[in-house]
**Student:** 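If you scroll down you'll find the structure; I have some questions about it.
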Amino acid sequence: MKKARSNNISRARLLAIVAAVAAISACGGGGDGGGAPAFPILPIAEPAPPPTPAPVSDSSGPCFNEADFREGTVVEFEAAKPGTDPATPSFRRKAVIEAREAFGGANPIAVNVGSETFKSPQFQQSTVKKEYKDLVNGSFLLYGKSTTYKNTIDPSMASSVPPGFPLENISTVSQTFTPPFAFPVNMAPGQVVSQQSTAAKTSVLNGQSGTTVSLPASGELTYHGREQLETPLGTFNTCKLSLKITVGAAGISKDITREFWLAAEGPYRGQLLKGGDTKTSMVVTKMTYVPK
C-alpha cells in the first residue's frame, strides 16, 4: 500500500512538472529537439527587459527548440525514479503538437497530452487533455490547460434513462492565465524572471458556461545554469531551471515549485530529461522524438 501510494504521488509530481515544461520546451531552431505538464493572449504580459546576453555556452537558449511549436511534432517518453528498474517506468507521456485553437480569448498552439477512450456495450467515455502555449518575440507563453469529457449512451439504452436526458454530454474544465505567463528563452545563469497574472477555472457543459473562479497568480522562473546529466539515454549537457507558481491571496495562497533539466544538445535538444519537485525527481529512460 505504501509503495503504491508513493508511486501515485510521484506520478502526480511529474505530471505537474511536465505540464509546466510542455510550453517551456521550445525555440532554438530546427528539428533536432522538441518539447515535453499550462495557459490566453488577452493583454499579454510584457516580458522583462532582456538582460545582456549570456555567452552561448552558458545561455539557456540552446535548451529550447522551436520545433516544439510546429504542428505535427510528437514526443513520447517513459520515466522512472533514480535507482529503480527502468524496465518498470513510473510515468509515461505522449504529446502531439496540434494546430492553433481558440482558448481563453486567444489563439495559442494546442498540445494534446492525453487521449483516452473507455467503451462498454451501453456507454462510451472519451477524455482529451490539452495544454496551450506560444512563442512570441523570444519569449515562451504559458496560457493554460483543459480537459474535455464526452459521454455517450448507446441508443439501445434510451428507454432506461429519464425522458429528455441527452444521450451525449460534453463537458470541459479549463484553467487559464490572464495575461499568460511570458518568460524569455535566453536567460543567463542565476537570472530570475517574475510575472503576475490571474488564474481562472471554468466549467462548460454542452456549450453552457458554469461558474468561473478567479484568483491572483504569480510565476517565477529561475535559470540555475548548465549541468552534466547522466541518464539511461546517455550523458547530456543540460539547462537546470525551476518554476514556482503561486495561486491565491495573501494568507490563503498555495505555491508549487518544480525543477527540470532540458537537453542543450543532441537528438533530444529541448527535451525534458529529468524533472520533479525539490525533493523527488524522475529521470527519462526512453524517448521517441519526431520533430517537424
Side-chain angles (χ1 to χ4, degrees), residues 10 13-28 33-39 45 47-66 68 75 77 79-83 91 133 135 138-142 181-197 217-246 254-266 268-285 287:
S10 296
R13 285 172 174 159
L14 191 60
L15 279 170
I17 177 62
V18 168
V21 171
I24 288 180
S25 299
C27 189
F39 315 67
T52 301
V56 174
S57 60
D58 295 331
S59 167
S60 63
C63 293
F64 296 84
N65 197 300
E66 62 187 14
D68 295 330
V75 60
F77 68 84
K81 295 174 65 175
F91 179 80
K133 63 182 183 179
L135 180 65
S139 291
F140 56 86
L141 279 61
L142 311 182
F181 288 123
F183 298 111
V185 166
N186 283 294
M187 296 177 67
Q191 183 179 350
V192 179
V193 178
S194 300
Q195 296 280 300
Q196 300 297 316
S197 183
S218 64
E220 181 180 278
L221 182 68
T222 302
Y223 174 43
H224 301 278
R226 296 295 185 92
E227 286 190 11
Q228 288 292 113
L229 179 67
E230 293 185 7
T231 78
L233 301 178
T235 300
F236 296 89
N237 182 14
T238 67
C239 295
K240 180 184 178 182
L241 301 101
S242 60
L243 178 63
K244 178 180 179 180
I245 299 292
T246 302
K254 180 179 181 181
D255 62 75
I256 298 176
T257 300
R258 306 298 179 191
E259 297 179 331
F260 44 95
W261 287 254
L262 305 179
E265 59 191 10
Y268 306 122
R269 185 175 65 83
Q271 295 311 297
L272 174 71
L273 296 178
K274 179 181 177 181
D277 60 24
T278 55
K279 295 181 179 179
T280 306
S281 61
M282 290 190 182
V283 175
V284 173
T285 57
M287 180 178 293

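Atoms considered below: every heavy atom in the structure, side chains included; atoms not considered: hydrogens, waters and symmetry mates. Everything numeric in this text was worked out from a predicted model, so none of it was measured. Positions are given from 1 along the sequence.
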**Student:** Mind checking what makes side chain to side chain contact (heavy atoms under 4.5 Å, CB included) contact with S218, not counting sequence neighbours?
**Tutor:**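 Counting only residues at least two positions away or on another chain, S218 forms a side chain to side chain contact (heavy atoms under 4.5 Å, CB included) with Q196, T246.
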**Student:** Please report the closest heavy-atom contact between M282 and A79, naming both atoms and the distance.
**Tutor:**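 Result for this residue pair: CB-CB, 4.1 Å.
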**Student:** Supply the atom-to-atom distance T285 OG1 to F77 CZ, rounded to the nearest 0.5 angstrom.
**Tutor:**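 Here the interatomic distance stands at 9.5 Å.
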**Student:** Carefully, step by step, assess L233 and V284 under the rule side-chain contact (heavy atoms from CB on, under 4.5 Å).
**Tutor:** CA-CA 8 Å; L233 301 178; V284 173; 3.8 Å; yes
**Student:** Which atom pair, heavy atoms only, marks the closest approach of S281 to P82?
**Tutor:**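 Of all heavy-atom pairs spanning S281 and P82, the closest is O-CD, 3.3 Å.
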**Student:** CD of E230: more than 12 outside heavy atoms within 6.0 angstrom?
**Tutor:**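 Open: at most 12 neighbouring heavy atoms sit under 6.0 Å from CD of E230.
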**Student:** Locate the shortest heavy-atom distance separating L262 from G270; write the atom from each residue and the value.
**Tutor:**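 Taking every non-hydrogen atom into account, CD2-O, 4.0 Å.
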**Student:** Compare all side-chain heavy atoms of L243 with those of F260 and state whether any distance is below 4.5 angstrom.
**Tutor:**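 L243 vs F260: side chains touch.
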**Student:** Distance check, rounded to the nearest 0.5 Å: C63 atom SG versus R269 atom CZ?
**Tutor:**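 The SG atom of C63 sits 8.5 Å away from the CZ atom of R269.
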**Student:** Whether the side chain of T257 engages the backbone of D277 through a donor-acceptor N/O pair (distance < 3.5 Å, no angle test) should be reported.
**Tutor:**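 No, the answer is negative, given that no donor and acceptor are paired below the 3.5 Å cut-off.
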**Student:** Of the non-hydrogen atoms in W261 and E227, which two are nearest, and what is the gap between them?
**Tutor:**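 Scanning both residues completely, I find the closest heavy atoms to be NE1-OE1, 3.0 Å.
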**Student:** Please round to the nearest 0.5 Å and tell me the distance separating atom CZ of R226 and atom OG1 of T238.
**Tutor:**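 So the gap between those two atoms works out to 8.5 Å.
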**Student:** Determine the minimum heavy-atom distance between E220 and V192, stating which atoms define it.
**Tutor:**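 Between these two residues, the closest heavy atoms are CG-CG1, 3.4 Å.
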**Student:** May I ask you to test the L272-V75 pair for a side-chain heavy-atom distance under 4.5 Å?
**Tutor:**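 Counting from C-beta outward, L272 and V75 never come under 4.5 Å.
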**Student:** Could you tell me which non-hydrogen atom of P184 sits nearest to which non-hydrogen atom of S139, and how far apart they are?
**Tutor:**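 Nearest heavy atoms, P184 then S139: CA-OG, 3.7 Å.
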**Student:** Might you work through the side-chain contact (heavy atoms from CB on, under 4.5 Å) test for I245 and F181, ending with a clear yes or no?
**Tutor:** CA-CA 10 Å; I245 299 292; F181 288 123; 3.8 Å; yes
**Student:** Distance check, rounded to the nearest 0.5 Å: L142 atom CG versus L221 atom CG?
**Tutor:**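 Result: 8.5 Å between the selected atoms.
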**Student:** Taking atom CZ of F183 and atom CD of Q191, what is their separation to the nearest 0.5 Å?
**Tutor:**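 Here the interatomic distance stands at 11.5 Å.
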**Student:** Starting at NZ of K274, measure out to CD of E259 and round the result to the nearest 0.5 Å.
**Tutor:**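 One gets 8.0 Å once the value is rounded to the nearest 0.5 Å.
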